Student: 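Dropping the structure in here first, questions after.
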2 protein chains.
Amino acid sequence: MVLETVRATDVHPTAEWVFRHVRRRLPRVSLGTVYRNLRLLVREGLLVERADAGGSRFDGNLSEHHHFTCVECGRVFDLREPVRRTVHLRVSSRTGFEVLGHRIEFYGRCAICSSPRKRRRPWQARA
Amino acid sequence: MVLETVRATDVHPTAEWVFRHVRRRLPRVSLGTVYRNLRLLVREGLLVERADAGGSRFDGNLSEHHHFTCVECGRVFDLREPVRRTVHLRVSSRTGFEVLGHRIEFYGRCAICSSPRKRRRPWQARA
DNA sequence: GTCCATGCAAATGCTTTGCAGCCAG
DNA sequence: CTGGCTGCAAAGCATTTGCATGGAC
């Protein structure tokens with residue numbers, strides 16, 4: 001159910017968020033169990049973990065993709081930019097490292113936060 | 001001195017590491033002071049903070065650059081790959097977001113860890 | 001009965017903060 | 001004297017872990 005919950009959203013939730021959502025269907029779960037299962041799923045490669053200030057975020061979208069993080073509200077959006085693996089060879093030959101992949105992190109202001117109309121408060125996928 | 005210490009290295013140190021190095025010249029500093037100053041320097045834009053599992057890393061290199069993280073030892077290396085700002089426009093027009101910048105995170109095995117000779121243990125910029 | 005995942009709570013690890021003291025101006 | 005930065009220790013979060021319980025087989 002932890003896996004289902006993370007897969008069913010694109011908000012890159014924190015453990016806390018997953019806990020609250022799983023608890024709706026399974027009122028007796030504990031936060032510890034959610035953590036244990038998240039950890040397990042990451043080890044098995046069924047989820048990807050993203051380090052983030054204020055707590056890890058989990059991503060059930062295993063396809064290669066890039067992200068955009070809003071510097072105002074903190075929301076992380078998936079992008080459809082193509083993933084160009086051609087750079088791997090260039091980096092490899094320049095460094096001697098074995099490049100397995102790469103991820104582009106864009107940052108800026110999302111549509112809502114760049115609108116001058118309203119001031120909004122940080123959004124943490126914790127709602 | 002905290003700023004100097006972070007600027008003088010390219011290991012993307014943790015607060016702990018900075019603390020230990022500053023303490024060599026200033027034996028009475030406390031970890032709290034190091035944290036306070038790191039936080040201050042990040043707010044002032046003199047250092048960049050990178051969220052990472054097991055603790056933030058700090059980077060005194062303010063020029064735009066990309067990173068390579070070794071999945072074996074955890075070391076983070078700076079790359080000289082050019083930063084192509086042309087993608088910003090494409091992402092902007094597709095999403096409506098105001099793109100301020102981007103960072104590419106490559107991952108794989110560094111030269112040392114991909115050598116089959118020896119097995120090495122995780123390295124955390126804590127030495 | 002055995003095993004394994006769980007709830008619960010205590011423990012851990014990183015980071016922040018309250019407070020009193022000290023130094024520079 | 002005053003303000004600001006500091007050491008120290010306690011507090012705060014996110015996350016992990018030990019242990020006893022409980023259900024599946």
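A quick note: this is a predicted structure, and the numbers were derived from the prediction, not measured. Hydrogens, waters and symmetry mates are skipped; everything else that's a heavy atom, side chains included, is used. In what follows, every chain begins at residue 1, and chains take the letters A, B, ... in the order their sequences are listed.
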Student: Can you give one letter per nucleotide of nucleotides 15-25 of chain C, 5' to 3': B if a protein heavy atom sits under 4.0 Å from the base, S if only from the sugar-phosphate, - if neither?
Tutor: BBBB-------
Student: Taking side-chain contact (heavy atoms from CB on, under 4.5 Å) as the test, write out the residues that go with B/R84, two or more places apart.
Tutor: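 B/T86.
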Student: For A/F58, enumerate each residue passing the ring-ring contact (aromatic ring centres under 6.0 Å, His included) test, keeping only those at least two apart in sequence or located in another chain.
Tutor: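 For A/F58, no residue satisfies ring-ring contact (aromatic ring centres under 6.0 Å, His included) once neighbours in sequence are set aside.
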Student: Nearest-Å distance, CZ (B/R28) to P (D/dC8)?
Tutor: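 Going from B/R28 (CZ) to D/dC8 (P), I get 5 Å.
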Student: Members other than B/L62 in its cluster, when Ile, Leu, Val, Met, Phe, Trp, Tyr link by side-chain heavy atoms under 4.5 Å?
Tutor: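 B/V48, all in the cluster of B/L62.
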Student: Separation of B/M1 atom CE from D/dC5 atom P, in whole Å?
Tutor: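 Whole-Å distance recorded here is 16 Å.
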Student: Whole-Å distance between D/dT16 P and A/L40 CG?
Tutor: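 Interatomic distance, CG of A/L40 to P of D/dT16: 12 Å.
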Student: Considering non-hydrogen atoms only, spot the tightest contact between B/V87 and A/E81 and give its length.
Tutor: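 The pair with the smallest heavy-atom distance is CG1-OE1, 4.4 Å.
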Student: Among residues 3-10 of chain B, which contact DNA chain C at a heavy-atom distance under 4.0 Å?
Tutor: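 The stretch gives none, as no residue of it lies under 4.0 Å from the strand.
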Student: Quick one: list whatever passes side-chain contact (heavy atoms from CB on, under 4.5 Å) with B/R25, sequence neighbours left out.
Tutor: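 Here the qualifying residues are B/M1, B/E4.
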Student: Rounded to the nearest angstrom, tell me the gap between atom CG in B/L26 and atom P in D/dC5.
Tutor: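 Between P of D/dC5 and CG of B/L26: 16 Å.
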Student: Under 4.0 Å from OP1 or OP2 of D/dC5: is there any side-chain N or O of B/N37 that close?
Tutor: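 Checking D/dC5 against B/N37, no side-chain N or O comes under 4.0 Å of OP1 or OP2.
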Student: Give the rounded distance in Å between these two atoms: CH2 of A/W17 and C1' of D/dA14.
Tutor: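 From A/W17 CH2 to D/dA14 C1': 18 Å.
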Student: Sequence neighbours left out, what passes salt bridge (Lys or Arg N to Asp or Glu O under 4.0 Å) with B/R103? Give chain and number order.
Tutor: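 B/R103 satisfies salt bridge (Lys or Arg N to Asp or Glu O under 4.0 Å) with B/E105 once adjacent residues are dropped.
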Student: Not counting sequence neighbours, list each pair that qualifies as a salt bridge (Lys or Arg N to Asp or Glu O under 4.0 Å) and has a residue in residues 28-37 of chain A.
Tutor: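 As it turns out, there is no salt bridge (Lys or Arg N to Asp or Glu O under 4.0 Å) pair with a partner in residues 28-37 of chain A once direct neighbours are skipped.
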Student: Tell me every residue that passes side-chain contact (heavy atoms from CB on, under 4.5 Å) with B/L46, counting only those two or more places apart in sequence or in another chain.
Tutor: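 Result, side-chain contact (heavy atoms from CB on, under 4.5 Å) vs B/L46: B/L3, B/R7, B/L41, B/E44.
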